[in-house]
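Taking it in order: structure first as structure tokens, then the write-up.
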2 protein chains.
Amino acid sequence: MELRHIRYFMAVAEEMNFTKAAEKLNIAQPPLSRQIKDLENELGTELFERTSHALHLTEAGILFKQYAAQMLEIEGRSKADISKMGSSLKGLVYIATVEGYGPHMLAEWIAGFRKLHPDVSFDIWSGTTDEIVHRTHNGLCDIAIVMEPFSDPDIISKHIHSEPWAAIIPKSDPLASQKGKSIKPEDFAGKPLIMPSRASRNEEFRKWMPDPQKPLNVVCKAAHMINVRELAKTGMGIAIFPRATGIMGDDEYVTVKNIDHPKAIASYLLIKSRKRRISPACEAFWDYALSTKKK
Amino acid sequence: MELRHIRYFMAVAEEMNFTKAAEKLNIAQPPLSRQIKDLENELGTELFERTSHALHLTEAGILFKQYAAQMLEIEGRSKADISKMGSSLKGLVYIATVEGYGPHMLAEWIAGFRKLHPDVSFDIWSGTTDEIVHRTHNGLCDIAIVMEPFSDPDIISKHIHSEPWAAIIPKSDPLASQKGKSIKPEDFAGKPLIMPSRASRNEEFRKWMPDPQKPLNVVCKAAHMINVRELAKTGMGIAIFPRATGIMGDDEYVTVKNIDHPKAIASYLLIKSRKRRISPACEAFWDYALSTKKK
DNA sequence: TGTAGCGATACCTTAAAGGTATAGTAAGAA
DNA sequence: TTCTTACTATACCTTTAAGGTATCGCTACA
């Protein structure tokens with residue numbers, strides 16, 4: 001038995017529906033079913049009585065729920081108590097991140113970390129991968145989130161997240177009304193594109209295309225996301241950006257679809273300098289972030 | 001955080017020594033170090049203060065130990081209480097197993113299962129894989145442990161354990177005094193062998209040899225383990241059997257060494273008939289065994 | 001100044017969690 | 001009744017992370 005089983009059990013017991021519980025847990029439904037079944041096998045009893053349109057807790061399930069709740073409560077209390085003891089960690093951590101999924105991850109990490117170390121504060125700067133790498137070398141930031149491709153022998157990097165590249169399609173384009181939540185690169189080959197200004201992207205995007213030799217029809221490049229959606233709205237072209245950037249989804253003017261191609265994956269990295277020494281607070285934040293990741 | 005972390009932490013806290021705790025947990029020391037470190041990162045504090053010849057709990061460690069103990073206690077109590085509720089399962093499960101590791105696994109499974117279902121009893125029979133398969137078809141046994149190779153469309157099988165094949169070497173043979181706890185097939189190629197009487201073994205063992213065409217020099221075959229060691233003691237040849245069979249290790253007359261070859265692995269399978277219906281108690285035992293495996 | 005004991009690091013292998021597609025089942029609608 | 005819908009279970013594949021092996025580095029002690 002693992003706490004994972006307990007968390008999953010509680011989610012199902014609260015929702016009384018495997019499908020909804022799985023959504024809440026951010027996993028697919030089949031693995032949830034399997035984990036619950038494993039738990040039941042270990043306990044030697046069914047915890048839920050499944051009929052196709054209703055779920056009941058069995059007698060054993062009701063009993064187990066008490067204990068399950070206790071375990072989770074103790075887990076939480078142990079964390080709270082330890083963090084209340086107050087760590088000796090103090091200081092200021094300089095962070096930088098690219099736009100897209102970075103700010104979301106960062107917010108969660110900082111919130112979690114500050115519960116453990118309330119005397120550590122943060123200073124966040126946002127920019128492009130190239131700018132951030134430069135700042136990392138200079139000591140203007142301790143830890144940062146950048147995007148692939150990236151490689152620098154003086155910088156330690158760890159993969160932290162992947163997400164699909166997405167196309168923001170103006171409603172004026174017939175592709176916008178195509179059914180399905182993803183589109184293939186063939187569908188927009190040759191069409192006018194709005195894309196990130198980073199130099200390497202052009203080459204990368206061409207690799208998805210049916211004819212990689214053919215130059216892309218790039219009508220506009222933008223380094224900052226804030227401009228992208230507005231550009232797409234005007235109908236001047238299809239914008240290609242990491243999914244989290246287009247997270248606002250469809251509106252009156254645009255439709256957002258994932259790009260369906262095995263290589264159309266945007267990867268985020270956590271980085272720090274290999275040479276420059278960073279403070280204990282920074283080291284602790286680095287370890288904390290990596291131990292938490294997407295969870 | 002998972003219960004695994006808690007169990008590992010408690011083991012270290014009790015032994016106050018990573019190496020010994022790892023042994024007790026039946027894992028290697030490096031993964032234990034890593035799990036503890038992960039836990040510390042999640043909590044944001046060190047739980048142990050490591051100096052090379054002494055280990056102390058930190059203040060946070062002392063606090064956490066309280067909660068850790070509580071969690072494990074609740075886990076145990078939940079299992080005990082659920083099993084006390086009494087399941088409706090009753091009956092007799094007919095089990096069969098080959099010699100070697102089978103009886104050991106079975107004993108643990110039955111002990112664990114009977115805590116959950118005290119009204120289920122067991123009848124165990126021991127024999128060779130071929131005999132057992134026959135009995136399974138006849139309905140003379142419900143669930144059994146046999147060895148690979150095995151394949152029968154009317155029988156469901158699941159892999160449950162692997163162990164090295166081992167050589168039981170008479171002290172009279174110079175190989176017995178060779179250093180190292182394993183030997184290579186080349187070392188005993190051509191020497192007189194004592195081996196399991198199952199027909200397929202001859203061909204299997206030849207595949208390990210430097211010249212697979214050359215027939216083995218088999219001086220004696222034995223279907224039952226009880227005879228093997230005695231045969232080897234006489235010095236008539238080297239006996240090849242699954243490691244658990246030679247588990248008694250070295251004595252005055254023989255030395256036991258694992259056979260160092262990628263294919264020299266003996267595999268155990270749990271089987272049941274695909275056609276014949278078995279009782280709910282049998283099904284529950286099947287599920288329980290597979291969910292527990294080697295743990 | 002070895003030497004032995006012990007934890008950490010680096011790197012690889014394997015097991016188990018998670019994902020996708022789809023089947024199976026029963027309730028409710030047409 | 002049969003079709004659809006709303007579920008969970010099954011089968012199979014991919015990916016993540018636990019576990020293993022080899023080795024390093026530190027420090028107490030002989």
Side-chain angles (χ1 to χ4, degrees), chain A residues 1-5 7-8 11-12 15-23 25-42 46-56 156 158-164 181-182 258 260 262 265 267 287 290-295, chain B residues 1-5 7-8 11-12 15-23 25-42 46-56 156 158-164 180-182 258 260 262 265 267 283 287 290-295:
Chain A
M1 192 192 299
E2 293 295 340
L3 287 179
R4 181 184 53 258
H5 294 114
R7 294 188 197 104
Y8 289 7
V12 177
E15 297 291 327
M16 275 311 195
N17 174 316
F18 277 71
T19 310
K20 291 203 187 89
E23 258 169 49
L25 293 165
N26 288 314
I27 63 172
Q29 168 264 315
L32 175 59
S33 288
R34 213 182 52 191
Q35 293 293 320
I36 298 291
K37 201 183 166 198
D38 288 349
L39 178 60
E40 292 177 324
N41 283 343
E42 187 173 347
E46 304 235 300
L47 296 169
F48 295 98
E49 194 185 322
R50 287 96 156 154
T51 65
S52 68
H53 269 252
L55 210 57
H56 311 279
I156 298 170
K158 301 274 180 187
H159 177 263
I160 46 172
H161 183 69
S162 291
E163 62 180 349
K181 58 186 174 184
S182 65
N258 292 350
D260 180 18
I265 300 292
S267 283
D287 288 341
L290 289 180
S291 84
T292 307
K293 273 194 182 179
K294 296 151 277 190
K295 286 168 202 167
Chain B
M1 193 191 300
E2 293 295 338
L3 287 178
R4 182 185 53 257
H5 294 113
R7 293 187 198 104
Y8 289 6
V12 177
E15 297 289 327
M16 274 311 193
N17 176 316
F18 277 72
T19 312
K20 292 204 187 90
E23 261 170 48
L25 292 165
N26 288 315
I27 63 171
Q29 169 262 316
L32 176 58
S33 289
R34 213 183 50 190
Q35 293 293 319
I36 298 292
K37 200 182 166 201
D38 288 348
L39 178 60
E40 291 176 326
N41 283 343
E42 187 172 349
E46 303 236 301
L47 296 169
F48 296 98
E49 193 186 322
R50 287 98 156 153
T51 65
S52 68
H53 270 252
L55 210 57
H56 312 278
I156 298 171
K158 301 276 180 185
H159 176 264
I160 47 174
H161 183 68
S162 292
E163 62 179 350
K181 55 186 180 187
S182 65
N258 292 350
D260 179 19
I265 301 292
S267 283
E283 289 289 3
D287 289 341
L290 289 180
S291 83
T292 306
K293 275 197 179 177
K294 293 150 280 189
K295 286 167 205 167

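Keep in mind the model is a prediction, meaning the values are calculated, not measured. Order of the sequence lines sets the chain letters (A, B, ...), proteins ahead of strands, with each chain counted from 1.
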> Once you round to the nearest 0.5 Å, how far does NE2 of B/His5 lie from NZ of B/Lys37?
Replying inline: 13.0 Å
[X] [atom1] - [N] [atom2] separation (whole Å):
X	N	atom1	atom2	value
A/Asn41	D/dT10	CG	P	11 Å
A/Phe18	C/dG24	CZ	C1'	16 Å
B/Arg50	D/dG25	CZ	C1'	16 Å
A/Asn17	D/dC7	CG	P	5 Å
A/Leu39	C/dA17	CG	C1'	15 Å
A/Lys158	C/dT9	NZ	C1'	11 Å
B/His161	C/dA15	NE2	C1'	15 Å
A/Phe48	D/dC7	CZ	C1'	15 Å

> Which part of the nucleic acid, if any, lies within contact of A/Thr19, taking any heavy atom under 4.0 Å across all strands shown: a base, the sugar-phosphate backbone alone, or nothing?
Replying inline: base
> Tell me, do A/Leu55 and A/Arg50 make a side-chain contact under 4.5 Å, heavy atoms counted?
Replying inline: yes
>> Side-chain N or O of B/Ser33 versus OP1/OP2 of C/dG7: is the shortest distance under 4.0 Å?
In response: no
> Donor-acceptor pair, B/Gln29 side chain versus B/Ala22 backbone, under 3.5 Å?
Replying inline: no
I'd like a table of atom pairs between the protein and nucleotides 18-23 of chain C - only N or O on both sides, under 3.5 Å - with the distance next to each one.
from: C/dG18; atom 1: OP1; to: A/Tyr8; atom 2: OH; distance (Å): 2.8
from: C/dG18; atom 1: OP2; to: A/Tyr8; atom 2: OH; distance (Å): 3.3
from: C/dG18; atom 1: N7; to: A/Arg34; atom 2: NH2; distance (Å): 3.2
from: C/dG18; atom 1: O6; to: A/Arg34; atom 2: NH1; distance (Å): 3.4
from: C/dG19; atom 1: OP2; to: A/Ala28; atom 2: N; distance (Å): 2.6

> Salt bridge between A/Glu2 and B/Arg7, side-chain N to carboxylate O under 4.0 Å?
Replying inline: yes
>> Could you go through B/Tyr8 and B/Leu39, starting from their C-alpha distance and side-chain angles, then the distance that decides it, and tell me whether this counts as side chain to side chain contact (heavy atoms under 4.5 Å, CB included)?
In response: CA-CA 10 Å; B/Tyr8 289 6; B/Leu39 178 60; over 6 Å; no
>> Applying side chain to side chain donor-acceptor pair (under 3.5 Å), can you list everything that pairs with B/Asn41, at least two apart in sequence or on another chain?
In response: none
